[in-house]
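Here is the structure we will look at, set down as structure tokens.
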There are 2 protein chains.
Amino acid sequence: MRTVTDEPTGEPAGKPTPSPYPEDVSRFVERFASELTDAGMTRMSARVFAALLASESGALNSAELGERLHISPAAVSGAVRYLTQLGLIGREREPGSRRERYRVHSDQWYETYSRRNQVLTRWVDTMRTGVEALGEDTAAGQRIDETLAFFEFLHAESAAMMDRWTVRRARLREQGRLAGGEDGEDGGGERNGTGPGDGPER
Amino acid sequence: MRTVTDEPTGEPAGKPTPSPYPEDVSRFVERFASELTDAGMTRMSARVFAALLASESGALNSAELGERLHISPAAVSGAVRYLTQLGLIGREREPGSRRERYRVHSDQWYETYSRRNQVLTRWVDTMRTGVEALGEDTAAGQRIDETLAFFEFLHAESAAMMDRWTVRRARLREQGRLAGGEDGEDGGGERNGTGPGDGPER
DNA sequence: TCCTAACTTCACAATCTTGTGAAACCACAG
DNA sequence: CTGTGGTTTCACAAGATTGTGAAGTTAGGA
């Protein structure tokens, strides 16, 4: 029942994006948000984040978000606070206005991934106490030590991997290949080429 | 190989083992479980999983779990069903008894990580629809395409990484170094000397 | 076949979690 | 200063979750 969700278009000063925004874009936003939610992010935060990601300029103010997602200013506020803490978005003041704009950070994913790495070290830490509590000479202790080894491995590898990414991204960017770019090498680039058309709808 | 107060083995009859297991082991179990919970796993499942991981034989039956964790059979049942679906544990029948034992799979983490990789492909799929909806020639489309590129990169790298792990694990095992083993190399091997000393006790 | 230990399902009460309206705040234009 | 657009805080209602006791099933053993 999407009635006129569509706002009082009397908005002064052109907005980059057409107000009643496209059906399929909205679908994408909701679908991606739901996947982020599945992965553990709060629903509102996920929706806000996805909306920003899909916005033309990469930044929207509270009103625009509320309008696109049909949520209250309070909800936007909460989501934004969360995302800011995570460092996924930043806030900026529109000069000459009291409005604030929320912008997706360009390095969002990189940052996020790095953070996940920190979680790894916490886990490793915990597992060390486990090995200690159980004793290295017990089966349980060894089992946990193996897990520990795996996580340490992951940690080291991930770090190296991210370095490779920054290099790669730089290269892709200067070649202007990021938009639809192709690749080849590095672990067998496998582009899952398939029509999204059949997309498993959520 | 020392044996901890564990294994009431072969004790099908009523008497629940009064062996409240070691304080520090319990602490480890609860701490690790809570971290798993933070990462998204159901609390009961996390506790059951951690308990199994910390058990001498790597397998416990319902009664033992209920006793160690102070939870009802119903809770055990639910947690076990969940973990089984995830493929993190397996069930086996104790011969000559009606009891079932739940065992942590040895390759749990490897499996889990692989699964995460599958999620990546789903995300990539979603983002393709996003690029399509927005158009490759829009700023938003390009932004999402960059994210897409990152995830494809991650996907490929992760796969290669896991291959490396299986090789490494084999080597570690045959060298018997997995229990407390030391290492250094392989992808910028960096042994995180010490956890963030501050150990945020949650 | 019947008995019964052991696991599973069910309905529910206790908790958490969410998103909202409304009031409180804040900072800036006038 | 003061009025006002814009954001944040608060208390709460509507929903989810969760874990439990108790009833229901299933299958080994006599």
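Convention: sequence-line order gives letters A, B, ...; per-chain numbering from 1.
- Look at A:R99 and A:E64 and you find no salt bridge, because none of the NZ, NE, NH1 or NH2 atoms lies under 4.0 Å from a carboxylate O.
- Nearest to the side-chain atoms of A:R98 among the listed nucleotides D:dT20, D:dG3, C:dA6 stands D:dG3.
- If you check C:dG21, C:dT8, D:dT20 against the side chain of B:P73, the one that comes closest is C:dT8.
- The side chain of B:R43 places an N or O atom within less than 4.0 Å of a non-bridging phosphate oxygen (OP1 or OP2) of D:dG19.
- Judged purely by atom type and a 3.5 angstrom limit, A:R115 uses its side chain to pair as donor or acceptor with the backbone of A:L86.
- Between A:E64 atom CD and D:dG5 atom P there is a gap of 18 Å when expressed in whole angstrom units.
- Atom CD of B:E100 and atom C1' of C:dA5 are 13 Å apart (whole Å).
- Comparing atom distances between the A:A74 side chain and each of D:dT9, D:dT18, C:dT9 picks out D:dT9 as nearest.
- The side chain of A:Y102 sits closest to D:dT8 out of D:dT8, C:dT8, D:dG6.
- Counting to the nearest Å, the P atom of C:dT17 and the CE atom of A:M41 are 18 Å from each other.
- If you take CD1 of A:I71 and P of C:dG21, they are 12 Å apart, rounded to a whole angstrom.
- Between A:E132 and A:R128, none of the side-chain N atoms (NZ, or NE/NH1/NH2) sits under 4.0 Å from a carboxylate O, so this pair counts as no salt bridge.
- If you measure from atom CG of A:L69 to atom P of C:dT18, you get 17 Å, rounded to the nearest angstrom.
- A donor-acceptor contact shorter than 3.5 Å is absent between the side chain of B:H155 and the backbone of B:T121.
- A heavy atom closer than 4.0 Å to some atom of DNA chain D occurs in B:M44, these being the qualifying members of residues 44-53 of chain B.
- Checking side-chain atoms of A:S45 against main-chain N and O of A:M41 turns up no donor-acceptor pair under 3.5 Å.
- Residue B:S77 is classed as a base contact, given a heavy-atom separation below 4.0 Å to a base.
- Taking atom CZ of A:R99 as the reference point, atom C1' of D:dT4 lies 13 Å away to the nearest angstrom.
- A:W123 places a side-chain heavy atom less than 4.5 Å from the side chain of B:L36.
- A:R68 contributes no side-chain N or O that, together with a main-chain N or O of A:S26, makes up a donor-acceptor pair within less than 3.5 Å.
- The stretch residues 78-94 of chain A touches DNA chain D through A:R81, A:R91, each having a heavy atom under 4.0 angstrom from the strand.
- At whole-Å resolution of the value, CZ in B:R101 and C1' in C:dC7 are 16 Å apart.
- Of the possible polar contacts, one joining the B:T84 side chain to the B:V80 backbone as a donor-acceptor pair under 3.5 Å is found.
- Residue-to-nucleotide proximity on DNA chain C shows that, of A:S97 and A:S72, the 5′-proximal contact is made by A:S72.
- Annotation: side chain of A:Q108 is not in contact with side chain of A:E111 (no heavy-atom distance under 4.5 Å).
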